[in-house]
Amino acid sequence: MAKPEVVEIEEDKELPELPNLDKWPKVIMRLAPFPSGPLHIGNARMVVLNDYYVKRYKGELILVFDDTIGSTEKVIEQDAYDLIPEGLDYLGVEYHKTVYKSDRIDLFYKYAVDLIKRGEAYVCDCDAAVWRNEHKVKGIPCSCRGLDSQENLARWEKMLDGTYAEKEAAVRLKTGMTDPDPAMRDHVILRISENEHPRVGMKYRVWPLLEYSWGIDDHELGVSHIIRGKDLVKEGKIEQHIWSLYNWPHPELMYYGRLKFEDAKLSKSKSRKEVHDGTYSGWDDPRTWSLQSLDRRGIDAEAVRKAMLDLGLSIVDIKISMKSVYSENRKLRDAETPRAFFVQDPVWIAAENLDRGLIEAHIPVHPDFPERGLRKIPLHAVDGKSIFGVQQSDLSRFKLGTLFRLKDMANFTLEKKNPPIAHYHSSEVEQVRKVNGPIIHWIPREGSVPIEMTLVDGSTVMGLAEPGVEKMKVGTFLQFERVGFARIYKTGDPIQVSFAHK
RNA sequence: GCCCCGAUAGUGUAGUCCGGCCCAGCAUCUAGGGUUUUCGACCCUAUGACCCGGGUUCGAAUCCCGGUCGGGGCACCA
């Protein structure tokens, strides 16, 4: 019997297995964005990684809005509650349920009381700065730490009922004052904040901190594996402390390093300001680098996913280039992308002595797939004359007498520069090839359509595209020959497109 | 000051757990060539890396020790 070939079903399993799969009945993971705005390219790593593993193990993914009241610098953006799911849909992320931290405050209170009763937490009324300098740094417990649970419970009630003002008291978890790592000493897990919350208003004045709320929720929600940025390793340790206290199984913690982009500066707070000011066109302005903005530019979500997955799970901080995303995008979309001519701020050339038979230009919709047919551009010649627009930078490098070709149309010689006049020379491309003459793109004066193109830096340029673009639908991803890829995001006059990449 | 983590070509990554198949694979970038009526795609070629120093070993990118450099934490932020 012939030896059967080794069966390789080799899916794209380039990422390592999740640890301790056998310890968990099901892989359950979570996405925990803070709703300060839409997800951007920098958040994509967290999202894609979690989604990837959940799909790989047919597990469950929970979207948890980590919307406890933050510091005054970290503000919840109401719109984010919708913008985040929108971004997830774009990325093709499948999540199975949505949870709001702000709905679970009572749960955190319940455990807080329990921890106090057990003597694992206490209400500390020390001044934050004093505590930091005199107790944490020196490893010396404050007097609150020794209070009995009755007294602590009484203080806890005073936090809830408003006897204590903001900053006057906080609950600390006894992670240990002798821990060699100062970062781990009796961390605050609940504190008072009277800021209004966009979802629950003024219902609560005591709010949990991230590490505490997750210490409870990762267990309550049945989370088996956690993949998150390494800025949260200390938080992970505190969570483990809580899990141990209750003898809960420890979810598997995995961290990845910080991701930066050479060619994109990400700042949610700046974006937020500029969007509200109207400086940015909205949350899909390319300068926000939001997932919405990538969608608007025609970046295929698959390109983002691929680029993110290629980074793996390394914990080192890395700086990559958007070029890797663009490269993936080209691979994904180039073959299906129709071509068109677009000329920014065209310079008009009077073309004379046109061949009588020259009525339209015939250009392949896609050069690699001739079977897709031709796009036809009427030339509107009258008495052998017509007017064409070309790129200033092309024209300015031509000398008088230069033989050049308007791509897929005909060859001309430049007769005069100011104003530009060109004479028809011949029709076959070989003529310019022989002299290695330039072949440039162009648009007819008659019938071309105005285009406003938004560049990656948010600036816009105006120009004209060949007539056929007028009939294209919103969402069409196209390539302006010699210019780059772009997507139509709004039709009308002008048609609005967003530049994607070269 | 105290704690933690990391180090493979320009960038990113595989290999490191279980030393030899790695004079180190892949992607991207860059350069050159081919092809193409685009500055796109495609094809070919080229340059280019195991942080340093010791040790263990027949053999180390892989194990051990020391150093250097880099990142992060020490918030009543997330």
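Residue numbers begin at 1 in each chain, while the letters A, B, ... track the order of the sequences. Because the structure is a prediction, the values reported are computed rather than measured.
- Between B:A41 and B:U28, the distance separating the two P atoms is 10 Å to the nearest Å.
- Side-chain atoms of A:Arg339 come within donor-acceptor range of the base of B:U38, with a qualifying N/O pair under 3.5 Å.
- Residues A:Arg56 and A:Tyr52 have side chains that bring a donor and an acceptor to within less than 3.5 angstrom of each other.
- No side-chain donor from either of A:Glu428 and A:Ser426 sits under 3.5 Å from a side-chain acceptor of the other.
- A donor-acceptor contact under 3.5 Å is formed by the side chain of A:Glu235 with the base of B:A78.
- If you take atom P in B:C4 and the same atom in B:A14, they sit 25 Å apart, rounded to whole Å.
- In the set B:U11, B:G73, B:G40, the nucleotide with an atom closest to the side chain of A:Gln479 is B:G40.
- Only the P atoms considered, B:U30 is 46 Å distant from B:C77, to the nearest whole Å.
- On the C1' atoms, B:C44 is 35 Å away from B:C51, given to the nearest whole Å.
- Nucleotide B:U37 holds its C1' atom 9 Å from the CD atom of A:Glu430, rounded to whole Å.
- Comparing A:Ser327 and A:Arg405, the nucleotide of RNA chain B nearest to each residue sits closer to the 5' end for A:Ser327.
- Between the CG atom of A:Leu406 and the P atom of B:U38 there is a distance of 14 Å, rounded to whole Å.
- Residue A:Ile318 has its side chain nearest to B:U13 when only B:G73, B:C39, B:U13 are considered.
- Remark: the separation of the C1' atoms in B:U45 and B:U35 is 15 Å, to the nearest Å.
- Between A:Tyr100 atom OH and B:A78 atom P there is a gap of 19 Å when expressed in whole angstrom units.
- Using the Watson-Crick or G-U wobble rule with both distances under 3.5 Å, B:C26 pairs with B:G12.
- A donor and an acceptor atom, one from each side chain of A:Thr68 and A:Lys101, are nowhere located under 3.5 Å apart.
- Contact annotation: side chain of A:Asp408 to base of B:U37, donor-acceptor pair present below 3.5 Å.
- At whole-Å resolution of the value, OH in A:Tyr212 and C1' in B:A78 are 17 Å apart.
- The partner of B:A7, taking Watson-Crick or G-U wobble pairs whose two distances both stay under 3.5 Å, is B:U68.
- Within 4.0 Å of A:Leu232, counting heavy atoms only, lies at least one base atom of the nucleic acid.
- Both distances falling under 3.5 Å, in either a Watson-Crick or a G-U wobble arrangement, occur for no nucleotide opposite B:C17.
- Looking at the side chain of A:Ile315, the nearest of the listed nucleotides B:C29, B:C77, B:C5 is B:C5.
- Nucleic acid contact for A:Lys234: sugar-phosphate only, since backbone atoms but no base atoms lie under 4.0 Å from a heavy atom of the residue.
- When both distances must be under 3.5 Å, the Watson-Crick or G-U wobble mate of B:U47 does not exist.
- Set against B:U11, B:C76, B:G72, the side chain of A:Asp317 has B:G72 as its closest nucleotide.
- Taking the six-membered ring wherever Trp is involved, the centroid distance between the rings of A:His425 and A:Phe412 does not fall below 6.0 Å.
- Ring pair A:His135/A:Trp131 is tilted by interplanar angle, where 30° to 60° counts as tilted.
- Of the listed nucleotides (B:U28, B:G72, B:G73), B:G73 has the atom at the smallest distance from the side chain of A:Pro182.
- Judged purely by distance below 3.5 Å, without hydrogens or angles, the side chains of A:Tyr164 and A:Arg205 never pair a donor atom with an acceptor atom.
- One can place CD1 of A:Ile377 at 13 Å from C1' of B:U37, the figure rounded to the nearest angstrom.
- Counted by atom type alone, A:Asn329 and A:His501 present one or more donor-acceptor pairs between their side chains at under 3.5 Å.
- In this structure, A:His135 atom NE2 and B:C2 atom C1' are separated by 18 Å, rounded to whole Å.
- Rounded to whole Å, atom P of B:U11 lies 15 Å from atom CG of A:Leu259.
- Annotation: A:Phe108 is not in aromatic contact with A:Trp207 [ring centroid separation under 6.0 Å not met].
- Across B:G48 and B:C29, the matching C1' atoms stand 11 Å from one another, rounded to whole Å.
- Note on A:Pro180: only backbone sugar-phosphate atoms sit closer than 4.0 angstrom, heavy atoms only; bases stay farther off.
- Of the candidate nucleotides B:A78, B:G40, B:C29, B:G40 has the atom lying nearest to any side-chain atom of A:Phe485.
- Taking 4.0 angstrom as the limit, A:Ser314 places none of its side-chain polar atoms (N or O) nearer than this to OP1 or OP2 of B:G6.
- In this structure, CZ of A:Arg191 is placed 10 Å from C1' of B:A75, rounded to the nearest angstrom.
- The side chain of A:Asp181 lies closest to B:C3, out of B:C74, B:C39, B:C3.
- Candidate nucleotides B:A78, B:G12, B:C39 were compared by shortest atom distance to the side chain of A:Leu311, and B:G12 ranks first.
- Checked by atom type, the side-chain pair A:Ser102/A:Arg199 shows a donor-acceptor distance below 3.5 Å.
- Across B:A78, B:C3, B:G40, the shortest atom-to-atom separation from the side chain of A:Thr68 is found for B:A78.
- Rounded to a whole angstrom, the distance from the C1' atom of B:U13 to that of B:C52 is 23 Å.
- At a threshold of 4.0 angstrom between heavy atoms, the contacts of A:Ile238 with the nucleic acid are absent.
- Each of B:G40, B:C42, B:C76 was ranked by its minimum atom distance to the side chain of A:Lys167; first place goes to B:C76.
- Among the heavy atoms of the strands, none lies under 4.0 Å from A:Ser324.
- Considering only side-chain N and O atoms, A:Lys331 lies under 4.0 angstrom from the phosphate OP1 or OP2 of B:U28.
- Taking the C1' atom of each, B:A31 and B:A24 are spaced 23 Å apart, rounded to whole Å.
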